[in-house]
S.K.: 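Handing you this structure, nothing more for now.
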Amino acid sequence: MIRIAVWNVNSIRARLPLVLKWLAESRPDIALLQETKCEDAAFPTLEVGDVGYNVAVAGQKTYNGVAVLSKRPIDEVAAHRLPGDETDQQARYIEALTGGIRVASIYLPNGNPVGTEKYDYKLAWMTRLHHHVKTLLATEDTFVLGGDYNVAPEDADVHDPRAWEADALCRPETRAAWRRIVCLGLTDAYRALNPEPGRYSWWDYRGSAWSRDQGLRIDHLLLSPQATDRLTAAGIDRNPRGWEKPSDHTPVWCELTE
DNA sequence: ATGGTGGTTCGACCA
């Protein structure tokens, strides 16, 4: 069995004690992290290595930043940015080969406020991702694309759909772009095995959203057909959201047969 | 209608 987890940590340096605690307790084979918010040289590679993980990072100062952690050797880093626009320097995509699986850690743009260049950037980024997924599918590889997609795919993924309907995470154009990607042949691992509504991966720091369970499901693991054939379990680990000094996201995981 | 919280970094931006 191989377990793959995704977690937006909202700064790896601010969150390092919790990340190390989480790695020690849940021992995922592969961890895909987002919003590391540090340049590559500042990533705590030694600390993460001490608890048994190899590291590949695509970082930048202050914003964004993604990482792949793996118990197995990382054999190749296939990309440090999302292909399709060499002028886009935002560190939101890293793709690596480890343990016989191709994985990507994705931090898809938030896109708020709608009607600005930020929303245009989000939709353009999703179009680029669509193109790249088509390329990946043509390889017939086993791959898992995990990340903070900043997309709540359906109303069932939102605590108050009416309050969120105009938000960039829920807009019809956003959800259409999401479906366009998934319908190429990917599987939303959590949703495939857990049909019940009202299960979230992110809760705003503001307004006591966590204690009221007012969240959204925006962190996802998208599986290729070959990975889906091996999918046995998926879940959301709510515990880290309740820890002291938490990220506003909590880990989502899936298990594949060896 | 506003602001609520947190990270980065020290004013303002992002989420």
Side-chain angles (χ1 to χ4, degrees), chain A residues 6-22 32-45 47-48 57-67 81-82 88-93 105-126 129 146-153 157-171 173-175 177-178 200-220 236 238-252:
Chain A
V6 54
W7 192 13
N8 179 323
V9 297
N10 186 18
S11 168
I12 187 66
R13 286 175 293 178
R15 216 66 60 209
L16 186 58
L18 269 60
V19 171
L20 295 177
K21 173 181 163 74
W22 171 68
L32 307 169
L33 308 183
Q34 297 81 41
E35 279 206 272
T36 54
K37 293 186 175 178
C38 71
E39 293 177 303
D40 294 359
F43 194 93
T45 302
E47 290 87 338
V48 170
V57 294
Q60 67 179 89
K61 195 178 164 83
T62 309
Y63 303 120
N64 308 317
V66 286
R81 293 289 187 277
L82 179 66
D88 182 7
Q89 290 307 305
Q90 297 195 33
R92 296 178 174 277
Y93 187 94
S105 179
I106 292 176
Y107 178 46
L108 202 143
N110 175 294
N112 281 304
V114 171
T116 67
E117 68 289 340
K118 290 181 189 297
Y119 192 57
D120 296 338
Y121 174 64
K122 176 179 195 159
L123 294 179
W125 208 92
M126 294 181 82
L129 183 59
D148 174 1
Y149 281 80
N150 272 311
V151 178
D157 301 310
V158 183
H159 72 92
D160 183 351
R162 295 291 78 76
W164 282 85
E165 63 186 353
D167 192 277
L169 281 59
C170 302
R171 290 285 303 157
E173 298 88 340
T174 302
R175 287 177 169 173
W178 164 267
Y200 311 127
S201 65
W202 171 83
W203 298 260
D204 203 312
Y205 285 124
R206 298 165 288 189
S208 307
W210 165 245
S211 61
R212 300 171 192 217
D213 196 25
Q214 297 176 339
L216 277 70
R217 191 176 71 92
I218 57 175
D219 301 276
H220 310 293
I236 298 173
R238 291 169 57 98
N239 290 330
R241 187 60 180 83
W243 291 346
E244 199 77 22
K245 205 173 182 292
S247 169
D248 44 352
H249 297 252
T250 214
V252 180

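Each chain gets a letter, A, B and so on, in the order its sequence line appears, and its residues count up from 1. Heavy atoms only: backbone and side chains are in, while hydrogens, waters and symmetry mates are out.
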S.K.: Checking A:R241 side chain against A:T250 main chain: does a donor-acceptor pair fall under 3.5 Å?
M.R.: no

S.K.: Applying the Watson-Crick and G-U wobble criteria at under 3.5 Å, what pairs with B:dT8? Answer none if nothing qualifies.
M.R.: B:dA12

S.K.: Taking B:dT2 as the reference, what is the distance to B:dG6 when you measure between their P atoms (whole Å, please)?
M.R.: 23 Å

S.K.: Is B:dT2 paired to anything, Watson-Crick or G-U wobble with both distances less than 3.5 Å, and if yes, which nucleotide?
M.R.: none

S.K.: Do A:D160 and A:Q214 touch side chain to side chain, with heavy atoms closer than 4.5 Å?
M.R.: no

S.K.: Quick one: side-chain hydrogen bond (donor to acceptor under 3.5 Å, both in side chains) partners of A:S247, sequence neighbours excluded?
M.R.: none

S.K.: Just the rounded figure in Å: distance from P of B:dT5 to CD of A:E244.
M.R.: 16 Å

S.K.: Rounding to an integer number of Å, can you tell me how far A:I12 CD1 sits from B:dT8 P?
M.R.: 11 Å

S.K.: Between A:T36 and A:G207, who's closer to the 5' end of DNA chain B by nearest nucleotide?
M.R.: A:G207

S.K.: Could you walk me through whether A:D213 and A:R238 pass salt bridge (Lys or Arg N to Asp or Glu O under 4.0 Å), step by step?
M.R.: CA-CA 11 Å; A:D213 196 25; A:R238 291 169 57 98; 3.4 Å; yes

S.K.: What is the separation between atom CG on A:L16 and atom P on B:dG7, rounded to the nearest whole Å?
M.R.: 14 Å

S.K.: Using atom names, set out every protein N or O paired with an N or O of nucleotides 12-15 of chain B below 3.5 Å, distance rounded to 0.1 Å.
M.R.:
| from | atom 1 | to | atom 2 | distance (Å) |
| --- | --- | --- | --- | --- |
| B:dC14 | OP1 | A:K118 | NZ | 3.0 |

S.K.: Taking atom C1' in both B:dA15 and B:dG3, compute the distance separating them and give it to the nearest angstrom.
M.R.: 15 Å

S.K.: Is the shortest distance from a Lys or Arg side-chain nitrogen in A:D204 or A:R212 to a carboxylate oxygen in the other one below 4.0 Å?
M.R.: no

S.K.: Kindly indicate, with the supporting measurements, whether the criterion side-chain contact (heavy atoms from CB on, under 4.5 Å) is fulfilled by A:N112 and A:D167.
M.R.: CA-CA 7 Å; A:N112 281 304; A:D167 192 277; 3.0 Å; yes

